[in-house]
Amino acid sequence: METEISLSAGTTREDLDRIVRQRFGTGPYRILRQSLDARKKPKLFWKYRISTGLPPVSPAPEHLLPVERRQGRGRAVVVGSGPAGFFAADILNRAGFSVTLLEQGPPARERRGDILSFEKGGPLLDRSNYAFGEGGAGTFSDGKLTSRTKHISMEREYIRLRYVQYGAPEEILWMAHPHIGSNNLFTLVQMGRQDLLERGVDVRFRQRVVDLLMHKGRCSGVRTDTDEFPADYTLLAPGHSAFPLFRRLYARGAGFQSKGFSLGFRIEHPRELINRAQWGRESVPGLKAAEYRLTAKAESGRGIYTFCMCPGGFVVPAAWREGLNIVNGVSMYERSSPWSNAAVLAAVKPEEIFPKADTPMAVLDSLEALEARAFEYLGAYHVPGTLPSGLPGGRLYSSLPRSSFPFPVVPLDYRQLYPDWLLQDLSDGISRFSRQIRGFDTGLILGLETTSSAALKILRSDSGEVLGIPGLYIAGEGSGSAGGIMSSAVDGLRIASLMGA
């Protein structure tokens with residue numbers, strides 16, 4: 001039997017257990033959903049939907065997505081160890097393939113050391129940074145497990161159960177807005193790798209793919225900078241920022257098309273400001289940090305929205321190679337940083353922002369040139385910054401608020417980076433957001449946010465193969481058909497399920 005229970009925010013799981021026992025006896029129950037009701041702030045409530053008579057935890061992941069295991073399916077190479085690549089390797093292994101998982105970067109522990117060294121003034125390594133390395137870009141993120149993709153309930157539960165199996169908090173199975181936190185993801189990707197190794201998957205690090213192997217017009221594996229990996233089936237899950245690989249695929253005849261994408265920046269506020277606006281008070285016992293998801297239309301009619309909100313988080317330098325200046329957001333599970341940040345983005349068409357880019361690769365080149373422009377202006381990984389009131393006219397401020405960013409924040413006229421019409425639209429959006437969150441227009445604007453969505457899409461057939469290259473499959477953010485941990489993982493599951501079918 002399903003029922004709903006409301007408890008004041010700040011109550012614990014033990015309080016819920018007591019209420020359930022009082023109403024339904026001592027039998028088992030399962031939490032189906034838990035969400036925060038802030039409609040009567042500052043009075044906040046947890047709303048639970050529970051089912052009595054069910055064990056507390058769902059069945060093992062394998063029961064949700066049954067896979068027919070057959071010996072002799074052949075060799076499969078998966079490139080990229082982010083969510084799409086990991087879950088593709090997981091399903092292919094269960095189906096009976098001999099799987100090799102290649103990652104151009106190092107294991108997570110070494111990757112974290114390289115990032116910490118970079119933020120202390122060391123070099124940016126082109127295959128060990130916030131974009132590349134074990135676990136992909138998602139390893140160092142807030143770890144949100146939400147997705148707007150429809151009809152993925154079974155895959156979503158499978159993925160969450162896998163993460164719980166590797167040590168994620170059980171609450172991700174029922175929270176309305178589940179997140180793992182970067183500190184937990186760091187551990188989970190290593191536990192997931194160990195699981196794959198124990199199941200017979202060959203995991204190789206520091207293997208950057210430089211070309212495809214071809215035989216009689218079909219992809220027959222990959223060539224890395226150190227070795228060759230022949231395969232009967234090849235799946236690429238390279239992530240959003242694998243520009244050199246995309247260029248090589250294009251030269252090989254892969255079908256690409258440019259598409260609408262998003263551009264903007266990060267905006268950062270004191271955590272207490274967001275808490276006060278969302279909760280009616282600066283802190284609530286038992287709650288971490290307030291979230292928001294905002295949308296608006298600029299005066300021009302363009303859609304402006306927030307994305308990848310990191311409550312109690314940090315803004316980080318997310319360049320994937322030397323000479324680029326890009327930012328992203330990170331949160332730990334505790335969400336205890338003094339700041340909260342989010343991307344503020346405008347939906348744009350390639351021809352609007354890059355009018356001279358008349359081919360997909362020209363769009364890619366133009367986007368990379370934009371990311372390089374901020375670095376060229378500053379001559380370092382310092383981040384450009386301004387305040388919302390300075391956007392349209394390009395006002396330069398003599399000083400800016402403190403920030404979570406690990407390098408100096410340098411006042412910059414954003415007209416050096418974005419056209420006036422885009423800055424006006426973003427400014428309009430922030431003004432409208434301020435009607436929903438008081439003080440939103442006092443935030444600190446930081447850097448360039450260019451990686452929230454891909455500007456290119458690799459065309460795939462109904463069988464999942466890349467158009468133009470038979471025998472090659474692609475999944476995740478690098479395909480242009482997914483974005484974020486959950487949708488990328490689902491895409492990896494689905495494309496892997498099509499291989500050898």
Side-chain angles (χ1 to χ4, degrees), residues 80-82 85 102-143 180-194 203-208 224-226 238-244 266 268 308 310 312-339 341 368 371-372 374-385 402-410 446-451:
S81 66
L102 304 179
E103 167 56 53
Q104 69 167 319
R109 189 168 299 279
E110 183 179 333
R111 180 186 180 193
R112 183 172 68 176
D114 292 337
I115 289 173
L116 292 174
S117 174
F118 166 58
E119 292 186 346
K120 291 179 181 178
L124 173 68
L125 302 183
D126 65 357
R127 63 177 76 186
S128 183
N129 47 56
Y130 278 107
F132 298 143
E134 184 175 20
T139 302
F140 297 98
S141 69
D142 182 66
I180 297 178
S182 184
N183 49 335
N184 285 330
L185 279 163
F186 173 74
T187 301
L188 295 183
V189 298
Q190 296 177 80
M191 296 299 293
R193 181 224 309 167
Q194 187 60 36
V203 181
R204 305 281 189 99
F205 292 102
R206 301 179 186 85
Q207 295 289 338
R208 172 174 285 173
T224 70
D225 45 8
T226 62
H240 174 284
S241 301
F243 287 15
R266 284 268 149 183
E268 186 173 65
C308 190
C310 294
F314 309 87
V315 181
V316 298
W320 55 270
R321 69 160 175 83
E322 285 187 290
L324 302 182
N325 199 312
I326 311 164
V327 298
N328 209 335
V330 171
S331 292
M332 303 303 170
Y333 175 71
E334 297 78 11
R335 291 177 164 176
S336 57
S337 160
W339 294 276
N341 70 80
E368 190 172 356
E371 295 166 347
F375 184 89
E376 291 166 0
Y377 282 132
L378 302 180
Y381 294 103
H382 303 173
V383 70
R402 288 182 60 223
S403 170
S404 66
F405 197 75
F407 300 136
V409 180
V410 180
L446 296 163
L448 294 179
E449 178 84 30
T450 59
T451 61

>> Please check this pair: side chain of N183 against backbone of Y333, looking for a donor-acceptor N/O pair closer than 3.5 Å.
In response: yes
> Any donor and acceptor pair, going by atom type alone, linking the side chain of Q190 with main-chain N or O of F186 inside 3.5 Å?
Replying inline: yes
>> Please determine whether side chain to side chain contact (heavy atoms under 4.5 Å, CB included) holds for the pair I326 and T451, giving the CA-CA distance in whole Å, both sets of side-chain angles, and the decisive distance to 0.1 Å.
In response: CA-CA 8 Å; I326 311 164; T451 61; 4.0 Å; yes
>> So, using salt bridge (charged side-chain N to carboxylate O under 4.0 Å, His left out) as the criterion, who are the partners of E334 when residues are at least two apart?
In response: none
> Which heavy atom in N341 sits nearest to a heavy atom in G313, and how many Å separate them?
Replying inline: ND2-C, 3.8 Å
> Are any of the side-chain heavy atoms of N328 and V315 separated by less than 4.5 Å?
Replying inline: no
>> Under the criterion side chain to side chain contact (heavy atoms under 4.5 Å, CB included), I'd like the reasoning laid out for L188 against R193: C-alpha separation, chi angles, the key distance, then a yes or no.
In response: CA-CA 8 Å; L188 295 183; R193 181 224 309 167; over 6 Å; no
> How far does CG of L124 sit from CZ of R321, to the nearest 0.5 angstrom?
Replying inline: 10.0 Å
>> Restricting to non-hydrogen atoms, name the atom on D142 and the atom on C310 that form the minimum distance, rounded to 0.1 Å.
In response: CB-SG, 4.1 Å
> Roughly how far, to the nearest 0.5 Å, is CD1 of I180 from CG of L185?
Replying inline: 4.5 Å
> Hey, what do you get for CG (N325) to CD (E371), rounding to the nearest 0.5 Å?
Replying inline: 9.5 Å
>> I need the L446 CG to S404 OG distance, nearest 0.5 Å.
In response: 7.0 Å
> What residues form a salt bridge (charged side-chain N to carboxylate O under 4.0 Å, His left out) with R111, not counting sequence neighbours?
Replying inline: none
>> A side-chain contact here means heavy atoms from C-beta on lying under 4.5 Å apart; do F405 and H382 qualify?
In response: no
> What are the two closest non-hydrogen atoms of S182 and F140, and how far apart are they?
Replying inline: OG-CA, 3.3 Å
>> Once rounded to the nearest 0.5 Å, what's the spacing between atom CZ of R112 and atom CD1 of I115?
In response: 9.5 Å
> Hey, what do you get for CG (D126) to CZ (F132), rounding to the nearest 0.5 Å?
Replying inline: 8.5 Å
>> Closer than 3.5 angstrom, by distance alone: can the side chain of S117 be matched with the main-chain N or O of D114 as a donor-acceptor pair?
In response: no
> Do E103 and R206 sit within salt-bridge range, that is, some charged N less than 4.0 Å from a carboxylate O?
Replying inline: no
> Closest heavy-atom contact between S337 and F314?
Replying inline: CB-CZ, 3.7 Å
> Which of parallel (below 30°), tilted (30 to 60°) and perpendicular (above 60°) describes H240 and F243?
Replying inline: tilted
> Aromatic rings F407 and Y381: how do their planes relate, parallel, tilted or perpendicular, breaks at 30° and 60°?
Replying inline: tilted
>> Could you walk me through whether T224 and R208 satisfy the side chain to side chain contact (heavy atoms under 4.5 Å, CB included) test, starting with their C-alpha distance in whole Å, then the side-chain angles of each, then the deciding distance to 0.1 Å, before giving a yes or no?
In response: CA-CA 5 Å; T224 70; R208 172 174 285 173; 5.7 Å; no
>> Go through it in stages, so that I can follow the logic: the residues are T139 and Y130, the test is side chain to side chain contact (heavy atoms under 4.5 Å, CB included), and I'd like the CA-CA distance, side-chain angles, deciding distance and then a yes or no.
In response: CA-CA 8 Å; T139 302; Y130 278 107; over 6 Å; no
>> On a heavy-atom basis, which atom in V409 and which in G385 lie closest, and how many Å separate them?
In response: CG1-CA, 3.9 Å
>> Just to verify, what does E268 make a salt bridge (charged side-chain N to carboxylate O under 4.0 Å, His left out) with, not counting sequence neighbours?
In response: none
> Would you say the side-chain atoms of S128 pair up with the backbone N or O of G105, donor to acceptor, closer than 3.5 Å?
Replying inline: no
>> Under 3.5 Å, is there a donor on one side chain and an acceptor on the other for E134 and S81?
In response: no
> Which pair of heavy atoms, one from P106 and one from F205, lies closest together, and at what distance?
Replying inline: C-CD2, 3.7 Å
> Does D225 pair with R127 as a salt bridge, N-O distance under 4.0 Å?
Replying inline: yes
